[in-house]
Structures are given as structure tokens and as C-alpha cells.
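Just below is one structure, and these are the notes that go with it.
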Amino acid sequence: VAMEVPQLLRFEHSDFVHHQTGLVHDKGAQILEAALCAGVRIGLLWQMWNSCCACHRLDGLQEKAIAGRQRKAAMLLQRCGAAADFRGHTSCLLFRLAFDTRGQTTLSLDADRLDIALGLGIDLRPVRVNPLEALRFAVSQHSRFRNSGSGAASDIMARHNVSSGWKARRTLLEMAILCGQ
């Protein structure tokens, strides 16, 4: 007669999310996959974590997996009951800085992240983005600017000719147009 031994698994934010970028990293995706292969019922742990933890630091984990371009982790999280919607501040996770041929920075929607989100069946039509938050997030994620403080964001914002169009919340289509995509 086999006896089932209950196992406790503590989720730590840093198990999945890189401390500098705030996005799910390769190691986090591997930990998630290994736990599922070992029979750990992540869905139940997910519910327990969210019901008893006031900080909800695992909220938005699927969005962070998509932003970290961790397709498999995002799919596994969806199977466990996570539901990304990219509403609120997580809408910024769909953007990145791109460099044109002259080395100038431009804000743009990240096609890889959009592809993963759409592949998971996430409806992005209701998503609204604060353009300034998206720009600040993209600057903070780029390795060239990560340690330079808020000065880099100010410089890039000045180059983007931030006008009144950058102050209102926008749909992703409006953001693509605003970013020149």
C-alpha cells in the first residue's frame, strides 16, 4: 500500500522572476516545468498562495512569463489557472525599446510578446496603455539604460517629443500608430 506524503512547496517571487528585470527567466520556467513533471499541483498552490498572502506578488506571473518570452512557462501557468489580461500596469510589459539604423531609440510593441499572448488566446482588444508608463518600463528593461537612473527616461522622452497624445490611455492599435509601427 503506497502512502501519499504531503509535500509543502513555498513559492518565492525570486524562484520565477529575475531580480533586475522583474520578468520570468529561463531558470524560473525550468522550475515551474520540473514541479509540474514531479506531480506538484501548482493550481492548488496558486489558489492557496493568492488566498492567504496579502501581497499577491505572484499576481501577473503569466504576464511576466510572456514579457520574458517564456512561451512554455506561460502555457503551463495558463493550465494551472493563471489568466493574463494585461490590464492596469501590466500592459507596459508588451513594449520594448528598439534602435533604428542611426542608433536612435524608439518605443515599440514587442512582436514576440504579442505573438505569445495571442497564441494563448488572450484578448488584447480591451487593453489600455499609459504611453509614459510604457516608455519608462521599456527604458528600465533595457540593459543599456538599466543602471543609469531616471535621466535616461527623461532623455528618451524628450527625443520622442512627448505631447498630449502621450498622456491619455491608449489601445494597442493607437500605441502602434503613436510609435510609428
Side-chain angles (χ1 to χ4, degrees), residues 13 16-25 28 46 49-50 53-71 73-75 77-78 80-100 102-181:
H13 190 252
F16 304 105
V17 178
H18 190 274
H19 71 282
Q20 283 186 318
T21 64
L23 305 178
V24 173
H25 48 65
W46 187 278
W49 175 273
N50 284 332
C53 180
C55 67
H56 296 287
R57 293 207 44 197
L58 287 178
D59 280 358
L61 190 60
Q62 188 179 27
E63 287 98 331
K64 292 174 183 179
I66 292 168
R69 295 185 183 102
Q70 299 296 327
R71 183 182 305 269
M75 290 185 333
L77 288 165
Q78 189 171 41
C80 295
D85 59 14
F86 288 101
R87 294 201 174 96
H89 69 280
T90 58
S91 62
C92 297
L93 298 175
L94 295 170
F95 293 85
R96 68 181 183 90
L97 282 183
F99 291 88
D100 63 17
R102 297 170 290 152
Q104 295 292 322
T105 55
T106 58
L107 179 68
S108 64
L109 281 161
D110 188 308
D112 294 334
R113 295 171 184 174
L114 290 173
D115 182 52
I116 293 169
L118 293 172
L120 292 171
I122 299 170
D123 184 11
L124 297 174
R125 291 174 296 186
V127 173
R128 299 293 180 268
V129 181
N130 178 328
L132 294 177
E133 280 182 29
L135 183 58
R136 282 188 198 103
F137 171 78
V139 169
S140 74
Q141 294 302 301
H142 201 282
S143 60
R144 189 182 286 184
F145 304 111
R146 194 171 295 136
N147 297 322
S148 64
S150 62
S154 299
D155 292 345
I156 292 170
M157 288 167 60
R159 276 188 254 136
H160 271 81
N161 190 19
V162 176
S163 62
S164 61
W166 282 77
K167 293 184 172 79
R169 294 187 77 75
R170 302 289 183 154
T171 65
L172 292 179
L173 177 59
E174 291 170 326
M175 283 298 296
I177 293 167
L178 190 64
C179 294
Q181 287 181 289

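Everything numeric in this text was worked out from a predicted model, so none of it was measured. Heavy-atom basis, side chains included; hydrogens, waters and symmetry copies ignored.
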Exercise. To the nearest 0.5 Å, what is the distance between CD1 (I116) and CD1 (I122)?
Worked result: 9.5 Å
Problem set entry | Separation between CZ of R87 and CG of L124, rounded to the nearest 0.5 Å | 10.0 Å
Restricting to non-hydrogen atoms, name the atom on [X] and the atom on [Y] that form the minimum distance, rounded to 0.1 Å.
| X | Y | result |
| --- | --- | --- |
| V127 | F86 | CG1-O, 3.5 Å |
| L93 | K64 | CD1-N, 4.1 Å |
| Q62 | A84 | OE1-N, 2.9 Å |
| F137 | C92 | CD2-O, 3.1 Å |
| L107 | P131 | CD2-O, 4.3 Å |
| A65 | L77 | CB-CD1, 4.1 Å |

Problem set entry | Beyond-backbone contact of Q70 with L23, side-chain heavy atoms, under 4.5 angstrom | no
Problem set entry | Student check: side-chain heavy atoms of V24 and I66 closer than 4.5 Å | no
Problem set entry | side chain to side chain contact (heavy atoms under 4.5 Å, CB included) between L97 and L135, intermediate numbers included | CA-CA 8 Å; L97 282 183; L135 183 58; 4.2 Å; yes
Side-chain donor or acceptor of [X] paired with backbone N/O of [Y] under 3.5 Å:
| X | Y | result |
| --- | --- | --- |
| R128 | R169 | no |
| R113 | A67 | yes |
| E63 | D85 | yes |

Identify every side-chain donor-acceptor pair in residues 172-180 under 3.5 Å, counting partners at least two apart or on other chains, and give the distances.
unit_1: E174; atom_1: OE1; unit_2: T171; atom_2: N; d: 2.9
unit_1: E174; atom_1: OE1; unit_2: T171; atom_2: OG1; d: 3.4

Seminar exercise, completed: Taken in chain and number order and not counting sequence neighbours, the residues that satisfy side-chain hydrogen bond (donor to acceptor under 3.5 Å, both in side chains) with R69 are D110
